Amino acid sequence: MDKTFDPAAVEARIAARWEETQAFRAGRADRQGAEPYTIVIPPPNVTGSLHMGHALNNTLQDILCRFERMRGKDVLWQPGTDHAGIATQMVVERRLMERQQHRRQLGRDEFVKRVWEWKDESGGAIVNQLKRLGASCDWSRERFTMGVDGSADDQMVQAVLKVFVDLYKQGLLYKDKRLVNWDPRFQTAISDLEVQQVEVKGHLWHIRYAIEGEPDRSITVATTRPETMLGDVAVAVHPEDERYRDLVGKHAILPLVGRRIPIVADEYSDPEKGTGAVKITPAHDFNDFEVGRRHKLPLVNVLGTEGQIQIEGNEAFLADLDATALAPVMALHNLDRAEARKRVVALLEESGALVEIEPHTHMVPHGDRSGVVIEPYLTDQWYVNVKPLAERALGAVREGKTKFVPENWEKTYFQWLENIEPWCVSRQLWWGHQIPAWYDDQGNVFVAGSEEEAKAEARSKHGKEVALRRDEDVLDTWFSSALWPFSTLGWPEKTPELGRYYPTNTLVTGFDIIFFWVARMMMMGLHFMDEVPFDTVYIHALVRDEKGAKMSKSKGNVIDPLSVIDQYGADALRMTLAAMAAQGRDIKLSVQRVEGYRNFATKIWNAARFAEMNGCRRVAAFDPHAVKETLNRWAIGECAKALEEVASALQAYRFNDAALGAYRFVWNGFCDWTLELAKPVLQGADGPAKDETRATVAFIFDEICKLLHPFMPFLTEELWAIKGEEGEARTQVLALTPWPQLAELVDPAAEAEIGWVVDLITEIRSARSETNVPAGAQIPLVLVAPSADVKARAERWGGTVKRLARISEIGIAETPPRSSIQLLIRGEVSALPLEGVIDLAAERARLAKEIQKLEADMAKIDAKLGNADFLKRAPEEVVEEQRERREEASERKAKMEEALKRLQD
RNA sequence: GGGCGGUUAGCUCAGCGGUAGAGCACAUCCUUGACAUGGAUGGGGUCACAGGUUCAAUCCCUGUACCGCCCACCA
């Protein structure tokens with residue numbers, strides 16, 4: 001074995017081995033009758049690169065997959081990537097921009113071609129990065145959410161087409177003209193979820209509108225968006241607002257524009273807000289849109305698709321207005337909305353209509369990708385009426401068909417689905433699934449799975465061949481991801497995989513995409529497969545930097561998982577993430593923690609070297625049940641307990657408990673105690689005990705490899721193989737080796753005996769240190785009137801105790817020697833006679849402190865036992881336990897006091 | 001405005017009705033035949049605050065104070 005662990009070399013070698021052996025293939029011949037276990041990966045953006053969130057997400061999935069694979073299941077971890085509409089289009093547009101090009105110059109076909117090129121160029125990156133992390137996906141089944149004709153992913157397109165057409169035919173998908181969230185930068189509609197509310201320090205402009213026919217009166221409205229006043233069609237006041245009641249029914253004159261607009265009464269107007277009178281701009285505000293609808297007001301759109309003022313030739317705007325009188329306003333044409341705002345305010349000020357400017361902080365919607373202010377904008381878009389689908393998705397979770405872990409996320413899920421709005425699925429982008437809708441020149445729409453079918457439909461409608469034009473828009477990228485759990489399995493074909501692996505078992509994801517993705521998969525899965533897409537949704541935390549801030553490029557606090565892997569190894573990173581993945585709290589990651597788990601890997605490596613050097617080689621016929629030596633029986637039992645602990649934690653998705661349980665056992669239980677206690681045997685005389693101990697160490701090492709494999713797959717797979725060098729070679733990779741079943745091997749007698757040894761050594765060390773006995777000094781140990789049991793144990797373990805606690809000799813006496821440190825180990829007194837060496841003052845202090853502690857403890861227990869209610873109401877075991885504790889404490893105290901007294905004589 | 005979570009050792013966090021735990025940091029000691037990326041030992045906590053339930057509360061309930069997140073139509 002090499003002297004040090006070289007993660008990079010090992011990772012490359014092991015990855016190749018997994019690939020050669022096709023260890024991660026679903027449906028392997030050796031798993032034919034096995035229970036399936038399926039996870040679909042949250043498909044990362046195809047052009048993305050691995051960040052810490054991915055690292056966590058995929059580490060957890062991999063831990064589950066490896067664990068279940070070892071437990072004998074037929075595991076399918078379905079990998080793939082997402083075409084990620086806006087995100088990807090943005091990346092490619094930015095690249096074009098660097099070369100002073102714009103997508104419109106290229107045209108749609110050429111641009112889409114470029115995106116495909118970029119995908120082919122960079123699309124493998126994230127997959128390779130996932131492999132570096134050790135992700136045990138079935139890479140032969142990799143999918144992409146969007147395919148080209150004839151490619152393997154074409155079937156993903158078929159799935160999208162079928163869903164769109166079916167939903168349309170079922171009346172659940174329709175085209176509608178209403179306000180959408182419009183992103184002026186990308187010039188596309190986006191869904192509610194893609195809008196981020198950002199707090200902005202702005203102003204509230206108070207504008208006075210004259211009242212028609214009443215020169216002495218006016219009404220003042222307050223607005224945060226003065227530029228939209230060009231599209232005002234009314235002023236609304238609350239029906240019960242005394243201040244304005246008499247104005248209702250009259251008309252105001254819109255400043256600058258001169259439009260005559262009604263003053264209406266509407267409950268929407270809040271007397272508390274602003275001036276209590278609110279301008280109504282139905283084309284540019286969601287609320288105003290509703291008010292406009294209620295009062296049958298016209299829609300006056302004053303913005304273009306880029307968010308610029310558009311009034312020249314704008315019929316709705318110019319209706320009943322004298323264009324020539326509007327010269328100053330017409331000059332605003334084509335100005336960007338920000339600039340237009342300034343100019344409108346200036347014009348208002350000039351005209352004397354601006355009453356007041358008040359500082360005002362409010363939430364302003366921004367595009368989560370583009371970062372620009374979103375405009376409510378009137379357009380034709382495709383919507384899915386998700387309400388009925390949401391009902392089923394809600395029901396499935398309420399009935400427990402799908403469970404969230406941690407459970408409290410169910411509330412979040414419920415809240416959103418209960419208040420769900422129609423989902424706008426069309427996007428005015430070029431990169432994505434083009435909407436399968438065709439139009440004839442009369443505006444009839446034909447939704448079909450192909451142009452031929454659309455043509456056929458058109459033919460039957462018109463009785464002749466007509467020219468059709470395809471809808472230019474594409475679908476929201478989440479539309480195709482919503483189908484991921486079944487589209488990846490071959491749907492709409494009835495493939496064997498679909499029957500075998502759907503519904504999937506676990507979905508592992510972050511809470512940030514519960515709405516975007518999880519809820520929509522639930523809706524689509526239930527609707528099209530008639531079954532939930534997964535049994536369990538495990539929601540993990542967000543990875544933040546060590547100070548708790550979100551990692552972001554602009555803050556420069558990003559920890560790049562790949563450089564962490566380069567520096568410390570994938571196993572160290574994985575172990576860190578698993579150990580920190582407690583439910584319900586964000587992970588504050590620091591490189592220091594990774595370093596700690598790198599040290600853990602080193603520790604294991606060195607333990608393996610130790611085993612090798614001491615001839616601890618696997619014995620083919622080794623039977624853990626037949627082990628005779630107490631130490632070995634104990635060690636196997638400890639290992640069995642650790643395996644059980646890890647397995648049950650993983651089954652409950654308590655990754656941190658699992659990882660830390662494994663860590664503690666391997667480092668403390670195995671390295672610090674088992675190996676140390678075994679040293680005297682391993683380095684002592686040859687014989688059956690030594691042979692058995694060697695074999696046991698080798699055996700436990702194998703079990704440790706299995707135990708740690710889900711967390712640290714590379715290191716363990718490597719050690720597993722190295723150990724096979726001696727004797728026969730391993731016939732199977734560790735990844736496919738069964739999870740051990742050792743629960744029945746815990747031996748209470750061995751636990752008691754080794755527990756005594758451990759306690760004795762610990763106590764001696766502690767007492768030596770506290771009483772300033774030089775570390776190098778060999779000192780005697782005296783057992784005081786030992787019981788036969790203790791005497792026998794001392795005989796068996798004398799050598800070990802001498803070695804680990806620096807004891808020169810072990811004697812027996814009726815009473816403790818005069819000058820000595822006295823220890824109480826499991827009820828029996830031992831002493832360290834230290835004539836001339838002992839620091840008596842320190843020993844007295846040690847005893848006094850101990851006595852004090854015991855007294856405090858006893859007082860507490862006495863208070864309890866003296867309470868009649870406690871005795872009456874508390875469960876008997878608890879009372880009994882308290883009594884025992886009290887007795888122990890008082891015994892201990894008596895012994896300590898005795899020792900102290902002796903010391904003072 | 002609605003909802004959710006957090007407040008436990010110097011730091012980062014587990015735990016969750018009956019003796020407060022880990023890692024890191026800190027202190028002291030140890031070049032012991034796997035490992036100094038190591039070993040041993042130790043110090044350090046009225047479990048945010050105030051009430052309540054209970055024989056018993058860090059844990060359950062109510063409220064308060066900070067901190068964070070999500071949702072909500074920009075007067």
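Chain A is the first sequence line, chain B the second, and so forth, proteins listed ahead of strands; every chain is numbered from 1. Treat the numbers as computed from the prediction; the structure is a model and nothing was measured.
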Find the distance A:F414:CZ to B:C4:C1' and express it as a whole number of Å. 14 Å
Side-chain N or O of A:K279 closer than 4.0 Å to phosphate OP1/OP2 of B:A75: no
With both distances kept under 3.5 Å, what pairs with B:G23, Watson-Crick or G-U wobble? B:C11
I want to check one thing: is the phosphate of B:A75, taken as OP1 and OP2, less than 4.0 Å away from some side-chain N or O of A:H206? no
B:U64 -> Watson-Crick or G-U wobble partner, both distances under 3.5 Å, gives B:A48
Within the structure provided, determine whether A:E770 and A:K849 are in side-chain contact (heavy-atom separation under 4.5 Å). yes
Non-hydrogen side-chain atoms of A:F516 and A:T509 separated by less than 4.5 Å: no
Euclidean distance, atom CG of residue A:D183 to atom P of B:C74 [Å, nearest integer]: 18 Å
Using the P atom on both, measure B:G5 against B:U46 and round to a whole Å. 28 Å
Taking atom P in both B:C71 and B:C24, compute the distance separating them and give it to the nearest angstrom. 38 Å
Distance check: side-chain N/O of A:W667 vs OP1/OP2 of B:G39, anything under 4.0 Å? yes
B:C16 and B:U58: how far apart are their P atoms, nearest whole angstrom? 16 Å
Does a nitrogen or oxygen in the side chain of A:T4 sit under 4.0 Å from OP1 or OP2 of B:U37? no
No-hydrogen, no-angle side-chain donor-acceptor test under 3.5 Å, A:D270 and A:H238: no
Below 3.5 Å, does any donor atom in the side chain of A:R765 face an acceptor in the base of B:U41, or the other way round? no
Any base atoms under 4.0 Å from A:M363, or only sugar-phosphate, or nothing? Heavy atoms, all strands. base
Under 4.0 Å: is that the gap between some side-chain N or O of A:R609 and OP1 or OP2 of B:A34? no
Between B:C4 and B:A20, how far apart are the P atoms? Round to whole Å, please. 32 Å
Answer yes or no: is there an ion pair linking A:R609 with A:E612, defined by an N-O contact shorter than 4.0 Å? no
Supply the atom-to-atom distance A:C705 SG to A:E718 CD, rounded to the nearest 0.5 angstrom. 10.5 Å
Given the P atoms of B:U7 and B:A25, what is the spacing between them in whole Å? 24 Å
Find the partner of B:U53: check Watson-Crick (N1-N3 plus N6-O4 or O6-N4) and G-U wobble (N1-O2, O6-N3) distances, both under 3.5 Å, and reply none if neither fits. none
Taking 4.0 Å as the cut-off, does a side-chain nitrogen or oxygen of A:K679 come that near to OP1 or OP2 on B:A34? yes
Tell me which nucleotide among B:A75, B:C29, B:A34 gets nearest to the side chain of A:A775. B:C29
For A:Y663 and B:A14, give me the distance from atom OH to atom P, rounded to whole Å. 18 Å
Could you measure between the two C1' atoms, the one in B:C49 and the one in B:C69, and give it in whole Å? 23 Å
Counting only side-chain heavy atoms from C-beta out, which of B:U19, B:U12, B:A34 sits nearest to A:K588? B:U12
Hey, does the side-chain of A:K603 have a donor or acceptor N/O within less than 3.5 Å of a partner on the base of B:C35? yes
Taking the minimum atom-to-atom distance to the side chain of A:M580, which one of B:A14, B:U12, B:G18 wins? B:U12
Quote, to the nearest angstrom, the P distance that separates B:C26 from B:G10. 15 Å
Length of the CG-P vector between A:L804 and B:U32, whole Å: 15 Å
How many Å lie between CD on A:Q592 and P on B:C13, as a whole number? 13 Å
Closest to the A:N614 side chain: B:U37, B:A34, B:C73? B:A34
Looking at side-chain heavy atoms only, is the closest gap between A:D241 and A:S269 below 4.5 Å? no
Does a side-chain N or O from A:K849 land closer than 4.0 Å to OP1 or OP2 of B:G43, or not? yes
Could you check A:R892 against A:E850 for side chain to side chain contact (heavy atoms under 4.5 Å, CB included), going step by step and ending with a plain yes or no? CA-CA 9 Å; A:R892 203 179 164 83; A:E850 175 85 356; 2.9 Å; yes
If you measure from the Lys or Arg side-chain nitrogens to the Asp or Glu carboxylate oxygens, is any gap between A:E763 and A:R826 under 4.0 Å? no
Taking 4.0 Å as the cut-off, does a side-chain nitrogen or oxygen of A:N599 come that near to OP1 or OP2 on B:G38? yes
Without decimals, in angstroms, what is the distance between A:Y597 OH and B:C13 P? 14 Å
From B:G18, B:U19, B:C73, pick the nucleotide closest to the side chain of A:V878? B:G18
It should be established whether A:Q882 places a side-chain nitrogen or oxygen under 4.0 Å from OP1 or OP2 of nucleotide B:U19. yes
Which nucleotide in B:G18, B:U54, B:A34 has an atom nearest any side-chain atom of A:A607: B:A34
So, do A:F404 and A:W409 have ring centers that fall under 6.0 Å from each other? no
Ignoring hydrogens and angles, answer whether the base of B:A34 and the side-chain atoms of A:E676 contain a donor-acceptor pair closer than 3.5 Å. yes
Picking from B:U54, B:U12, B:G38, the nucleotide nearest the side-chain atoms of A:R593 would be B:U12
Considering only atom P, compute the distance from B:G21 to B:C47 and round it to an integer number of Å. 14 Å
Tell me whether the side-chain N or O atoms of A:S769 pair up with the base of B:U41 as donor and acceptor below 3.5 Å, since no angle test is needed here. no
Which nucleotide, B:A34, B:C55, B:C69, lies nearest any side-chain atom of A:D869? B:C55
By nearest nucleotide on RNA chain B, pick out whichever of A:S766 and A:E375 is the more 5' one. A:S766
Between C1' of B:A27 and CD of A:E770, the distance in whole Å: 14 Å
Could you tell me whether the phosphate oxygens of B:C69, OP1 or OP2, come under 4.0 Å of any side-chain nitrogen or oxygen in A:Q196? no
Taking only side-chain N and O atoms of A:R598, does any of them lie within less than 4.0 angstrom of OP1 or OP2 on B:U37? no
Looking only at B:C55, B:C4, B:A14, the nucleotide nearest the A:N656 side chain is B:A14
Separation of atom CG in A:L682 from atom P in B:A34, rounded to whole Å: 10 Å
Examine A:Y597 together with A:Y663 and report whether their ring centres are nearer than 6.0 Å. yes
Using purine N1 to pyrimidine N3 plus N6-O4 or O6-N4 for Watson-Crick, or N1-O2 and O6-N3 for G-U wobble, each under 3.5 Å, what pairs with B:A40? B:U28
Which listed nucleotide (B:A22, B:A34, B:C74) is nearest to the side chain of A:R225? B:C74
